[in-house]
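What you see is a predicted model; the values in this text were computed from it and never measured.
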Protein chains: 2
Amino acid sequence: MSSTSEQTRVRGLRRPATVSDVAAAAQVSTATVSRVLNGNYPVAAATRERVMRAVSKLGYAANANARALTQSDTKTIGIIVPELVDPFFGYMVRGLERATQESGRLAIIATTSFRPGAEIALIDRMRERRVDAVIVVSGGSSDPAYRRQLAQRADALAAMGSRLVLCAHPTLDLPSAARSVAYDTEGGAFSVTEHLIANGHRRIAMVGGESHLPTIGLRRDGYLRALASRGIDIDEDLIRIEGFGRDVGYASTRALMEEHPDVTAIFAVNDTIASGVYDALGDAGLRIPTDVSVVAYDDTPLAANLSPKLTTVHVPLEQLGQEALRAAIDEPDAFSRTPEQGLTLGTYLVHRDSVAMPPR
Amino acid sequence: MSSTSEQTRVRGLRRPATVSDVAAAAQVSTATVSRVLNGNYPVAAATRERVMRAVSKLGYAANANARALTQSDTKTIGIIVPELVDPFFGYMVRGLERATQESGRLAIIATTSFRPGAEIALIDRMRERRVDAVIVVSGGSSDPAYRRQLAQRADALAAMGSRLVLCAHPTLDLPSAARSVAYDTEGGAFSVTEHLIANGHRRIAMVGGESHLPTIGLRRDGYLRALASRGIDIDEDLIRIEGFGRDVGYASTRALMEEHPDVTAIFAVNDTIASGVYDALGDAGLRIPTDVSVVAYDDTPLAANLSPKLTTVHVPLEQLGQEALRAAIDEPDAFSRTPEQGLTLGTYLVHRDSVAMPPR
DNA sequence: TTGAAAGCGCTAACAG
DNA sequence: CTGTTAGCGCTTTCAA
């Protein structure tokens, strides 16, 4: 009881201990304190000992802000993401955050809740913090003005020795210092649609998504290309890009099957939508995959939990995050394996139980 | 093309602009620049104009680290959480992060992946950053040594004008400067069990969780108290606290129903476990709620997506996060509505379709 | 309304 | 091996 340590006894807003305090307590100079703390310079064992004792006695914690002032980096990464709860973003952020900690850094994570303009504003706030890099996950829009702003921020960051990395983000298509780590969105959509066609389907609908989102555009592109490559007519009425969420998947599917009972397969734009599709089909008395086949995109845990288990496109979410961090901190040359526009990770189809041949 | 701005033209690691640069460009002193930027001091309109022009010309972004050195706060909150992808933590972090942004701050978010010891280490790293407060979400353990360390950190933070807030965390039960925001864990478990009993159930099993986690301990306490209060014998063999995850819920339930076919109701320790219970029951040819009733805890979106929709205990996750942030930044007196140990938010039962009277 | 100068806590020459 | 000192970029008295 009587040995309560110094800093716990003195309650209230006292000034935290500084190098000088430690130096005084250990009877050395501040330079010596700095040296033992950073361990990057020879110091006599006895001295070191004395300093360490003082450090723990005073509960000293070096002021990272002061340190940042003299160093070129801050050991901080900025991460901007639309939403944290959604597993699509969640897994990417997980990969990102873990890699950040492994690199000895800490992550400032900020969400935009899809607010337009929020990304740019947050990049600026992170630039003030002098983060080693800022990583913008997905989101964004195809608006040219927005892309121009992003490119401008990329250059501003580069000018101060930092970096902008786009993760699972539509390409900027603009000369800029931004790096980018993406996945093969269009290709995944192509192969999953192709898979349906190979199974004999011709009347294939596409459900879910927001038409202004670049990612969705790419998924549709892949779908269309697959259809076209097999000479199947495009029926625009089978494309129901009417929003996100399970409910939307449900409603769109109910309407779709009512109007087009000849549809034998549905490509849900992501796993969540697919679960709505499942419900709608069930309520309409249609069995999966006997009556209608269903495929989706993302391969979140949900896919394996649906019944029948969902055939879906696997996106290497966590890996995307890891690679984005590498792109953020790697030396320029180490990253040179990705010449210009950046790295693109492959996607692949995970075959499960939601696809069969169409009923006759 | 020719009007490329200054900072975009000069590529490479140039030193970012400073107040002095701006001052020089605007022909004023650094003090004046600081004053217009902070807007907390009268400055002639013309001067202000000149400064602002220089700011945008140079692409100046104030160095937050330097600023932190002269200010008492850093506009940064530290958040430590076991995992981001899990919706239980996800929603809390969402509430936390949003409230943080609304308060004009940015959040450093770090995950522990349940690594023992990681929390303490991360608190220390955040203390170096001089965060305005660090919020530890859930996790933890009932280990006394750990609790002592936490209490010590709480005091160390308080000593430097910061603060430690425990969110949905077991109580420290130790005198310390830590604040705490929790939910009525035991009460929720009590009422959901009580609900089952009121419906006529006597053979009520409990499935899922890790016995060393304090939260699970409290959920079991509520369950036991409800049983005891109605004079129902406790059968330890109906308590299957064998781990987390859907798979565990499945396996435990299969074994349970095999050994105790007289069980008519199952209390799953959370929604995820419940989905495993659902599957197991289904595979065993048992219908919900006709043959066996199921209830759970958390009320994540999953609950409403299961069929039949799951009756579960609602936990105000996002609100918990918001309140934790309030506790983190509120003036001492404003927070005084929570006298000592902190705030406890209520839980309540959400009645859906997974409970019925037991079969005869 | 503006400027000069001190100082926040730390690190990195540069001397000894 | 250790100490002195000069900043890093900003805010803030104190004067003008």
Next item on the list: Run the numbers on B:Ser29 and B:Thr32 for side chain to side chain donor-acceptor pair (under 3.5 Å), then give the verdict.
Entry: CA-CA 5 Å; B:Ser29 72; B:Thr32 301; 3.3 Å; yes
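Along DNA chain D, the stretch of nucleotides lying under 4.0 Å from any heavy atom of chain A spans, 5' to 3', D:dC1 to D:dG9. You can see that DNA chain C meets the heavy atoms of chain A within a 4.0 Å-exclusive cut from C:dG9 to C:dA13, reading 5' to 3'.
Among the heavy atoms of the strands, none lies under 4.0 Å from A:Val33. Within 4.0 Å (heavy atoms only), A:Asn38 reaches sugar-phosphate atoms of the nucleic acid but no base atom. When heavy atoms are screened at a 4.0 angstrom cut-off, A:Thr32 is found touching the sugar-phosphate backbone but no base atom. At the heavy-atom level, B:Ala68 lies nowhere under 4.0 Å from the strands shown. Across all strands, B:Ala31 comes closer than 4.0 Å to base atoms (heavy-atom distances).
A salt bridge does not link B:Arg67 to A:Glu128: none of the charged nitrogens lies less than 4.0 Å from a carboxylate oxygen. We find that B:Glu102 and B:Arg98 are not joined by a salt bridge, their nearest charged nitrogen and carboxylate oxygen being 4.0 Å or further apart. Here A:Arg15 pairs with A:Asp21 in a salt bridge; the nearest charged N to carboxylate O distance falls below 4.0 Å. Checked for salt-bridge contact, B:Arg153 and B:Glu119 miss the test: no charged N lies under 4.0 Å from a carboxylate O.
In the model, B:Arg105 has no side-chain atom that pairs as donor or acceptor with a side-chain atom of B:Thr74 under 3.5 Å.
Remark: A:Ala154 engages A:Leu164, A:Ser176, A:Ala178 in a side-chain contact (heavy atoms from CB on, under 4.5 Å) (not counting sequence neighbours).
Residue-to-nucleotide proximity on DNA chain C shows that, of B:Leu69 and B:Pro42, the 5′-proximal contact is made by B:Pro42.
At least one donor-acceptor pair closer than 3.5 Å links the side chain of A:Gln101 to the backbone N or O of B:Thr111.
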